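For the single chain, residues carry numbers from 1 onward in sequence order. Remember, predicted model here, so these are calculated numbers, not experimental data.
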Amino acid sequence: MNVSLTPELEKLVLDKVASGMYSSASEVIRESLRLLKERDALENIRLEELRKHIQVGISQADNGQYSEMTIPDIKAQGRQRLSEMNPDSDP
């Protein structure tokens with residue numbers, strides 16, 4: 001298999017080999033692909049979690065477990081949560 005890289009990516013690969021972190025360009029590419037595969041797997045896990053949360057929300061709405069909010073209410077609630085996460089920052 002032959003792969004064409006942009007000059008920028010080729011420099012990155014060569015710099016990694018020159019740093020001694022990797023013994024060859026092939027090793028850099030294999031590590032890159034392994035990391036890409038790992039990132040894709042994490043993205044799929046996050047997507048599945050999001051789908052579960054959405055389904056919970058749909059089920060709660062179907063069962064009448066919701067409250068109506070206006071846009072200002074939502075913004076205020078978001079600001080409150082942010083201030084609780086960052087107590088030193090101004091809202």
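- From Arg30, atom CZ reaches atom CG of Leu35 across 13.0 Å, with rounding to the nearest 0.5 Å.
- In the hydrophobic cluster analysis, where Ile, Leu, Val, Met, Phe, Trp and Tyr join through side-chain heavy atoms closer than 4.5 angstrom, Leu82 is grouped apart from Met69.
- Linking ILVMFWY side-chain heavy atoms closer than 4.5 Å, directly or via other members, places Val28 and Leu9 in a single hydrophobic cluster.
- Heavy atoms of other residues, nucleotides or ligands lying less than 6.0 angstrom from CD of Glu8 number 12 at most.
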Before you tell me yes or no, could you show the steps for Glu48 and Asn44 under side chain to side chain contact (heavy atoms under 4.5 Å, CB included), namely the whole-Å CA-CA distance, both residues' side-chain angles and the distance that decides it to 0.1 Å?
CA-CA 6 Å; Glu48 188 56 36; Asn44 285 334; over 6 Å; no
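- Leu36 contributes atom CG, which lies 9.5 Å from atom CD of Glu43 (distance to the nearest 0.5 angstrom).
- Annotation for Ala25 and Val13: closest pair CB-CG1, 3.6 Å, computed over non-hydrogen atoms.
- Looking only at side-chain heavy atoms (C-beta outward), Val3 and Ile29 stay at 4.5 Å or farther from each other.
- Salt-bridge check for Glu49 with Lys52: passed, with a basic side-chain N closer than 4.0 Å to an acidic carboxylate O.
- Between Glu31 and Arg34, at least one side-chain nitrogen of the basic residue sits less than 4.0 Å from a carboxylate oxygen of the acidic one, meeting the salt-bridge criterion.
- The cluster map of Ile, Leu, Val, Met, Phe, Trp and Tyr, joined by side-chain heavy atoms under 4.5 Å apart, puts Leu33 and Tyr22 in the same cluster.
- Heavy atoms from other residues, nucleotides or ligands lying under 6.0 Å from CD1 of Ile71 number 12 at most.
- To the nearest 0.5 Å, atoms CD (Glu27) and OG (Ser32) are separated by 10.5 Å.
- If you take CD1 on Ile45 and CG on Asp40, they are separated by 11.0 Å, rounding to the nearest 0.5 Å.
- Tyr66 and Ile74 are not part of a single hydrophobic cluster, where members link through side-chain heavy atoms under 4.5 Å apart.
- With 3.5 Å as the limit, one finds a donor-acceptor pair spanning the side chains of Thr70 and Asp73.
- In this structure, CD in Glu10 is found 10.5 Å from CG in Asp15, a value given to the nearest 0.5 Å.
- The CE atom of Met85 sits 10.0 Å away from the CZ atom of Arg81 when rounded to the nearest 0.5 Å.
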